[in-house]
S.K.: 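This is the structure, below, for whatever I ask next.
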Amino acid sequence: MAESIIKVENLVKSFGDHEVLKKIDFEISKGEVVCIIGSSGSGKSTLLRCINHLETPTGGKILFHGEEVKNTQSSLSKYRSQVGMVFQSFNLFPQYTVIENIMLAPKLAAKEQIKQTGEYMGAKSYKEALEIIKSNAKSLLERVGLSEKSESYPCNLSGGQQQRVAIARALALNPDVLCFDEPTSALDPELTGEVLNVIRSLKTSDSTMIVVTHEIEFARDVADKIIFMADGVIAEEGTPEQVINNPQNPRTQAFLSRFN
């Protein structure tokens, strides 16, 4: 069996008296693509934000490579550097060019690492590290099909291009896990395809991804595992063949009937 990279145990999240997540349990293996589907308000995005610790769980545990993620600055800082996040609304810094947006997190990481260990990715000085970071950023832009936009500002890009830059930025720290929170929900339909194609292209034997999506055909096509959420619980979980093509739970059946 493949190594478990993230394990969620008994996860609970409440906002005041409103319990949004109710004792969630599942695990993700290395190299697995998991798509989380469900109606608005079912808890999908809250689950992803808890996994990334952008929201602090009310109860339960998240294990990363077998170790519990603690709610301390050092634990969270290390964890977040290995679990990348792509948001619905791009969240690019408007004052920076495309390549500067991609380089920002690695530059901060390089400064810290050189201070602590004396090197970063083989570079002994910050100046050397910057050359490596810039080269990696250029490679990532090529990977998402935006080499020619490196000196552009976000305001000069389409929504689809901005989201592709956001994906490149999330990849810049070479994370173990990449999370996507409805990455196409803010896009016009004609731009959705270009972003989904980039995410498809990231699927390799060792790339672990969690995608909250309402794109059912994409989920069927790309996912190794589907999680269907309803009212803060996992109502059904399995392969696309099991959950999308042959759902057993009445709530899953009712949800998917809207897409037929």
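Only a predicted model underlies this, so the values are computations on that prediction, with no experimental measurement involved.
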S.K.: Return the minimal non-hydrogen interatomic distance between L92 and R169, and the atom names on each side.
M.R.: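 For L92 versus R169, the nearest heavy atoms are CA-NH1, 3.7 Å.
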S.K.: Contact between R164 and L157 at the side-chain level, heavy atoms closer than 4.5 Å - yes or no?
M.R.: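 Heavy-atom side-chain distance check fails, nothing below 4.5 Å.
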S.K.: Counting C-beta onward and ignoring hydrogens, is there a side-chain heavy-atom pair between V12 and K23 closer than 4.5 Å?
M.R.: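 Side-chain contact under 4.5 Å: yes.
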S.K.: May I ask you to test the F218-R200 pair for a side-chain heavy-atom distance under 4.5 Å?
M.R.: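 Result yes, sub-4.5 Å side-chain heavy-atom pair found.
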S.K.: Closer than 4.0 angstrom, basic N to acidic O: yes or no for D25 and K7?
M.R.: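 A salt bridge is absent here (no side-chain N lies under 4.0 Å from a carboxylate O).
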S.K.: Using the ring of each side chain (for Trp, its six-membered ring), is H53 parallel, tilted or perpendicular to Y79, with breaks at 30° and 60°?
M.R.: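 The arrangement is perpendicular - the two ring planes meet at more than 60°.
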S.K.: Begin with the C-alpha distance, continue with both residues' side-chain angles, and end with the deciding distance and a verdict on salt bridge (charged side-chain N to carboxylate O under 4.0 Å, His left out) for E217 and R220.
M.R.: CA-CA 5 Å; E217 285 308 311; R220 191 203 310 265; 2.7 Å; yes
S.K.: Is atom CD of Q253 surrounded by more than 12 heavy atoms (other residues, nucleotides or ligands) closer than 6.0 Å?
M.R.: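 Count over threshold, so yes.
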S.K.: Could you check whether atom CD of E67 has more than 12 heavy atoms from other residues, nucleotides or ligands sitting under 6.0 Å from it?
M.R.: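 Counting other residues, nucleotides and ligands, CD of E67 stays at 12 neighbours or fewer.
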S.K.: With a 4.5 Å limit on heavy-atom distance, are the side chains of I51 and I210 in contact?
M.R.: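 A side-chain contact exists here, since the closest heavy-atom pair is under 4.5 Å.
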S.K.: Any chance CD of Q73 has more than 12 other-residue heavy atoms, nucleotides or ligands included, within less than 6.0 Å?
M.R.: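 It does not: Q73 CD has 12 such atoms or fewer within range.
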S.K.: Of Q113, E112, E119, which is the lone residue that meets side-chain contact (heavy atoms from CB on, under 4.5 Å) with Q116?
M.R.: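 Going through Q113, E112, E119 one by one, the side-chain contact (heavy atoms from CB on, under 4.5 Å) with Q116 is satisfied by E112 alone.
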